[in-house]
There are 2 protein chains.
Amino acid sequence: MTTPQEYDPYVQGCPSRALLDRIGDRWTVLVIGILADGPQRFSQLRRRVDGVSQKMLTQTLRGLEADGLVTRTVYAEVPPRVEYELTALGHSLRVPLLALEDWAREHMDEVLGSRQRVAERV
Amino acid sequence: MTTPQEYDPYVQGCPSRALLDRIGDRWTVLVIGILADGPQRFSQLRRRVDGVSQKMLTQTLRGLEADGLVTRTVYAEVPPRVEYELTALGHSLRVPLLALEDWAREHMDEVLGSRQRVAERV
DNA sequence: CAGTATCCCCCAGGATACTG
DNA sequence: CAGTATCCTGGGGGATACTG
């Protein structure tokens, strides 16, 4: 603690790389995006995140929960109802993620065009 | 083309998911970050991105090249020198990525604290 | 409904060896 | 130096079946 230890993702083993891992997997980002609309049930998420398997959705949600980005609330009803909701921390992460989505929307054509050209060996 | 087709990452097969894939893998983000400092040789990148294998670095750079985010310049010298540099598009991607890095720096403690608590079953 | 538990396959990616 | 080429393994993740 003598030197203030900054998080440096370029160094192996730095915890901030762990964040990159979490952001890394496709489902995490998509689930956060959906939850930004408000609390959602498991089945709603499953339906809205096209292509996610039950296993991966559960796994993703458990990870988000562990990271303090999402809360899980079980209602004592029959049939059971479970709602997932972004925490304040989760909402704060939404901001940079939105910036990324905006970039994608704005520049995806350029990227795809480039890929096309490469694929055609032009 | 009757309805303006927006990129929707929540739909399977949407090309914008391809971008999530690219951002997804750790090396891409790290390499872009390093290249933001200016043009770099292969060996420099290899050294600065701690833990990347030769194979993955090559693969990552080829991908970035294909997407039009990075240029590859070969100098006819002995020994050979190859420099990688961000394109304007690559630089523009830097902006949202920086926002993400900032978030990580600012909130990593909270995330790690949460993980700790979960790991300890508290 | 909202999961857990299992099996199992595939391929991302590391290690190693070789080349222009 | 800046890569290819090849081999090989771990585990990510789908499919399926079962449960509170």
Side-chain angles (χ1 to χ4, degrees), chain A residues 9-13 17-31 34-35 38-67 70-85 118 121, chain B residues 9-13 17-31 34-35 38-67 70-85 118 121:
Chain A
Y10 297 101
V11 174
Q12 204 168 14
R17 279 222 181 160
L19 182 83
L20 281 183
D21 286 348
R22 183 152 300 292
I23 302 306
D25 86 280
R26 54 161 21 112
W27 306 126
T28 294
V29 175
L30 296 174
V31 165
I34 297 281
L35 287 177
Q40 307 271 333
R41 305 182 58 167
F42 187 87
S43 51
Q44 288 179 299
L45 288 168
R46 184 142 164 57
R47 241 172 288 122
R48 294 188 60 183
V49 181
D50 191 28
V52 70
S53 68
Q54 187 181 36
K55 178 181 171 179
M56 288 317 294
L57 182 54
T58 301
Q59 199 169 300
T60 300
L61 288 167
R62 294 292 173 273
L64 288 170
E65 222 190 326
D67 284 0
V70 161
T71 57
R72 176 175 183 271
T73 311
V74 183
Y75 295 90
E77 300 175 1
V78 177
R81 178 163 59 103
V82 179
E83 281 194 347
Y84 294 90
E85 185 172 11
V118 170
R121 319 268 165 204
Chain B
Y10 297 102
V11 174
Q12 205 169 13
R17 279 222 182 162
L19 182 83
L20 281 183
D21 287 346
R22 182 152 301 292
I23 301 306
D25 87 278
R26 57 161 19 114
W27 305 125
T28 294
V29 174
L30 295 175
V31 166
I34 298 281
L35 286 177
Q40 308 270 333
R41 306 181 58 165
F42 186 87
S43 52
Q44 289 179 299
L45 287 169
R46 184 142 164 57
R47 241 172 288 123
R48 292 187 59 182
V49 181
D50 191 27
V52 70
S53 68
Q54 189 179 35
K55 178 180 172 181
M56 287 318 293
L57 182 54
T58 300
Q59 198 169 300
T60 300
L61 288 168
R62 295 293 173 272
L64 288 170
E65 222 190 326
D67 283 0
V70 161
T71 58
R72 178 174 181 271
T73 310
V74 182
Y75 295 91
E77 299 174 1
V78 176
R81 180 163 59 102
V82 179
E83 281 194 347
Y84 295 89
E85 185 172 11
V118 170
R121 318 269 164 204

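Throughout, a chain's letter reflects where its sequence line sits, starting with A, and its residues are numbered from 1.
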Apply the test side chain to side chain contact (heavy atoms under 4.5 Å, CB included) to residues A/V118 and B/D67: give CA-CA distance (whole Å), side-chain angles for both, the deciding distance (0.1 Å), then the verdict.
CA-CA 9 Å; A/V118 170; B/D67 283 0; over 6 Å; no

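- Across all strands shown, A/R62 has heavy atoms under 4.0 Å from sugar-phosphate atoms exclusively, and none from any base.
- Taking 4.0 Å as the cutoff to heavy atoms of chain A, we find the contact window on DNA chain C bounded by C/dC1 to C/dT4.
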Using atom types as modelled, flag every donor-acceptor pair under 3.5 Å from a side chain in residues 74-83 of chain A to any protein atom, sequence neighbours excluded.
residue, atom, partner, partner atom, Å
A/E77, OE1, A/R81, NE, 3.3
A/E77, OE2, A/R81, NH2, 3.0
A/R81, NH1, A/E83, OE2, 3.4

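- Listed here is the closest heavy atom pair of B/L30 and A/P9: CD2-O, 3.7 Å.
- Evaluation of the side-chain contact (heavy atoms from CB on, under 4.5 Å) rule for A/R48 yields A/I34, A/D37, A/Q40 as partners, not counting sequence neighbours.
- Residues satisfying the side chain to side chain donor-acceptor pair (under 3.5 Å) test with A/T28, not counting sequence neighbours, are A/D25.
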Distances for protein N/O vs nucleotides 11-13 of chain D N/O pairs under 3.5 angstrom?
residue, atom, partner, partner atom, Å
D/dG13, N7, A/K55, NZ, 2.9

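- Both A/G51 and B/F42 lie near DNA chain D, and the one whose nearest nucleotide falls closer to the 5' end is B/F42.
- Sorted by first and then second residue, the side chain to side chain donor-acceptor pair (under 3.5 Å) pairs involving residues 51-60 of chain B (not counting sequence neighbours) form an empty list.
- The salt bridge (Lys or Arg N to Asp or Glu O under 4.0 Å) test applied to A/R46 returns no partner, not counting sequence neighbours.
- Remark: A/P79, A/P80, A/V82, A/Y84 in residues 74-85 of chain A come within less than 4.0 Å of DNA chain C through at least one heavy atom.
- Residues forming a salt bridge (Lys or Arg N to Asp or Glu O under 4.0 Å) with A/D50 (at least two apart in sequence, or on another chain): none.
- Interatomic distance, A/R72 CZ to A/L61 CG, rounded to the nearest 0.5 Å: 9.0 Å.
- Using a 4.0 Å heavy-atom criterion, one finds that B/R46 contacts no nucleic acid atom at all.
- Residues that satisfy the side-chain contact (heavy atoms from CB on, under 4.5 Å) test with A/V52, not counting sequence neighbours, are A/W27, A/V49, A/M56, A/L57.
- Backbone-only contact: B/R72 has heavy atoms under 4.0 Å from sugar-phosphate atoms and none from a base.
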With pairs defined as Watson-Crick or G-U wobble and both distances under 3.5 angstrom, please note down DNA chain C as a dot-bracket string, | for pairing with another strand.
||||||||||||||||||||

Test log, rule side chain to side chain contact (heavy atoms under 4.5 Å, CB included), inputs A/V70 and A/V31
CA-CA 10 Å; A/V70 161; A/V31 165; 5.7 Å; no

